[in-house]
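Working notes, structure below.
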Amino acid sequence: MMKSLIISQRILKELGKDKRTLALMFLAPLLVLTLMNLVFNTNATPHVQIGTVQMPATMVKQLETVSHVSQTTYPTVTAANTALKAQRVDSVITYNKTTATYQITYANLDVNKTTLAKSAMQSAMLHDKLQSMAQTITQLTVHHPVAAQPQATLKQTYQYGDSQTRYMDTVLPILMGFFVFFFVFLVSGMAILKERTTGTLERLLATPVRRGHIIFGYTFSYGALAVLQTLTIVLYTVDVLHIQIVGHIGWVILTNMLLALVALSLGILMSTFAASEFQMMQFIPLIVVPQIFFSGIVPLDTINPWIAKIQYILPLTYVASADKKIMMQGLGLTHIWVECLILIGFFLILTGINIQGLKKYRRV
Amino acid sequence: MSDVLELQQITKSYGGRTVLDAVNLKLPAGELMGLIGPSGSGKSTVIKLALGMAQADAGVAHIFDIQMPDRQSLGKIGYMAQSDALYEALSGYDNLKFFAQMRDIRVVDEEIKRVATIVNLTDALDQQVKGYSGGMKRRLSLAIAFLGEPEFLILDEPTVGIDPALRRQIWDELRRQQAQQKTILITTHVMDEAEKVDRVVLLFDGRIIADDSPAALKARYDVSTVEQVFLKAEVEAGK
Ligand SMILES: Nc1ncnc2c1ncn2[C@@H]1O[C@H](COP(=O)(O)OP(=O)(O)O)[C@@H](O)[C@H]1O
Ligand SMILES: [Mg+2]
């Protein structure tokens with residue numbers, strides 16, 4: 001234990017001397033976030049599932065003609081809202097006959113879907129109105145004038161966030177995890193690779209230190225670093241970029257620290273297969289890039305479901321899922337413990353492999 | 001007194017090429033032994049297998065009568081590898097302190113001062129190792145092995161790149177350690193250093209071709225230097 005702390009102290013001291021790497025870890029994410037914040041206003045067309053309650057049949061028909069939209073009828077508002085919470089539907093539309101009002105509630109976990117549901121509803125209403133007008137005119141010519149139909153109005157409610165929720169808000173939880181993962185993976189991987197190539201690892205193992213002490217020394221130092229990095233990113237996004245985080249920051253730090261530990265152990269593992277820093281870089285497209293594609297930044301609904309399953313073996317997926325719940329829905333540990341356990345599982349397995357891997361240098 | 005190091009029938013090959021061929025070696029306590037041989041003859045491999053840092057294909061190694069690899073035994077050994085293996089971003093002092101802590105050495109500061117004096121590095125201790133010359137790195141690496149006055153010193157080519165005056169100082173230190181009943185195994189491919197050891201083990205092509213005191217070897221081959229002994233022994237072994 002004592003030796004692990006001494007080792008982690010040494011690692012942090014070495015890193016402290018490397019100003020450029022530190023700047024990279026702490027400033028690069030902020031720069032990228034700022035740029036993305038300026039640039040992004042995206043438009044993908046995902047598929048939207050709308051739940052309806054007591055909708056007039058004509059409106060249901062109209063809704064279903066809109067592309068990328070499908071409709072499910074629910075008997076009660078409660079049933080529809082349950083489906084919304086469970087994310088089986090993306091919005092719920094309720095029709096109130098007495099006031100002739102459509103009430104639409106968006107899950108708003110994906111702004112693209114919110115926008116699509118909104119415009120689908122508007123176009124359905126427009127078509128419906130046109131059709132009833134046509135009917136009225138037909139009736140007028142045959143019979144006598146009828147009382148004008150009451151004007152239907154549209155009211156919108158957002159379950160999470162508000163109408164100002166932007167693409168950045170929804171990808172931020174994923175991006176934050178990605179930065180932690182990327183930098184910890186790369187920097188720790190390089191550090192231990194350097195220990196291998198310069199022979200310091202071998203020299204260290206020629207002392208009575210335990211193999212586990214070395215791995216845990218790395219764990220402590222990079223765990224601490226991840227906490228700092230997450231704090232920097234969170235404070236910057238809240239204070240400077242004015243992006244809302246509903247839940248408690250502590251949970252975000254927890255998930256990101258767990259992710260950092262996974263990234264660290266993966267970095268250590270991959271360094272076994274690299275003979276040089278350049279070869280270490282070659283793992284980026286293999287290990288790092290898929291995480292960003294499969295963890296939710298790109299909507300996966302449009303991808304072949306078998307390929308989409310890849311996301312379940314990528315640690316970032318679980319952090320993205322947990323951070324989304326914390327940052328957008330304001331949920332706490334009771335809702336993210338499964339994700340946390342899975343991350344801990346990744347970490348323990350990889351750490352076990354790494355401690356075994358050091359047997360290459362010393363079998364005991 | 002028993003042997004500090006004993007190798008029995010140690011055999012090792014890399015990629016199908018035999019690097020060590022059934023090497024037997026006994027190093028009694030208190031002896032200063034030189035493992036001499038040309039570059040590539042297998043000296044470093046002997047040391048790594050003795051320490052258990054590489055796995056032998058056959059044979060066993062004992063240090064202090066304990067079969068290697070053994071983690072606890074490593075605490076009694078001061079090992080200097082052929083490559084410098086230092087943390088370049090840290091200062092010389094930090095390197096010494098770190099390895100002292102890893103070796104469970106108490107009174108760290110005094111010990112650092114002592115070993116730094118032996119290798120003439122006292123003035124450069126606060127400097128980053130990155131800025132050291134090759135010789136300075138070699139000396140720091142040697143100082144790390146001296147930490148805690150270990151009972152058994154294993155030094156793999158410790159004097160490469162070190163100027164003659166300091167080389168002499170280091171040999172004086174080795175003699176001083178030996179006077180305190182420490183056991184020392186040193187490798188070198190510099191033949192004139194071979195004159196200074198108690199016992200010469202000549203390694204050639206993964207086999208031990210001679211093993212005796214320098215004087216006895218010179219008498220047997222009827223020559224005046226260990227270098228000439230090596231040349232003759234090499235010719236005989238080649239037959
Ligand atoms: N890890 C290794 N992989 C492959 N070959 C090796 C390895 N270590 C040593 N060798 C080979 O074993 C032979 C002896 O090496 P070494 O023990 O370093 O010699 P010396 O220390 O006497 O110069 C050399 O031919 C070297 O190339
Ligand atoms: Mg060598």
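Heavy-atom basis, side chains included; hydrogens, waters and symmetry copies ignored. Predicted, not measured: the structure shown is a model, and the values here were computed from it. Naming: A, B, ... by sequence-line order, numbering from 1 per chain.
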Checklist entry - Roughly how far apart are B:Glu88 CD and A:Lys194 NZ, rounded to 0.5 Å? => result 7.5 Å
Item to check | Atom pair OG/CZ of B:Ser141 and A:Arg203 - distance to nearest 0.5 Å | outcome: 3.5 Å
Checklist outcome for this item: dist B:Tyr87:OH -> A:Glu14:CD (nearest 0.5 Å) comes out at 6.5 Å
Item to check | Contact origin within A:Arg210 toward chain B - heavy atom pairs under 4.5 Å | outcome: both
Checklist entry - If you count the non-hydrogen atoms of other residues, nucleotides and ligands that lie under 6.0 Å from CG in B:Asp126, is the total more than 12? => result no
Checklist outcome for this item: chain A shares the most heavy-atom pairs under 4.5 Å, among B:Gln72, B:Gln55, B:Lys76, B:Met68, with B:Gln55
Checklist entry - Which bit of A:Glu195 comes within less than 4.5 Å of chain B, counting heavy atoms only: side chain, backbone, both or neither? => result side chain
Item to check | chain B contact via A:Lys360 - which portion, at a heavy-atom distance below 4.5 Å | outcome: backbone
Item to check | Atom of A:Thr207, atom of B:Leu74 and distance for their closest heavy-atom approach | outcome: O-CD1, 3.7 Å
Checklist entry - Side chain, backbone, both or neither: which part of B:Lys48 has a non-hydrogen atom closer than 4.5 Å to chain A? => result side chain
Checklist entry - Is it true that atom CZ of A:Phe26 has more than 12 heavy atoms of other residues, nucleotides or ligands lying nearer than 6.0 Å? => result yes
Item to check | A:Leu205 versus chain B, the contacting section by heavy-atom distance below 4.5 Å | outcome: backbone
Checklist entry - Of all the residues in residues 93-105 of chain B, which have a heavy atom that comes within less than 4.5 Å of a heavy atom in chain A? => result B:Asp94, B:Phe98, B:Phe99, B:Gln101, B:Met102, B:Arg103, B:Asp104
Checklist entry - Where does B:Ser73 contact chain A at under 4.5 Å (heavy atoms): side chain, backbone, both or neither? => result neither
Item to check | Pairs of heavy atoms under 4.5 Å with chain A: top-ranked of B:Pro69, B:Gly78, B:Ala81, B:Gly75 | outcome: B:Pro69
Next on the checklist: Is it true that, when you exclude B:Glu110 itself, more than 12 heavy atoms of the residues, nucleotides or ligands shown sit nearer than 6.0 Å to its CD?
Outcome noted: no
Next on the checklist: Looking at A:Lys13, I'd like to know if its NZ atom is crowded, meaning that more than 12 non-hydrogen atoms belonging to other residues, nucleotides or ligands lie closer than 6.0 Å.
Outcome noted: no
Item to check | Gap separating the CZ atom of B:Arg71 from the CZ atom of A:Arg362, nearest 0.5 angstrom | outcome: 6.5 Å
Checklist entry - Where does A:Leu204 contact chain B at under 4.5 Å (heavy atoms): side chain, backbone, both or neither? => result both
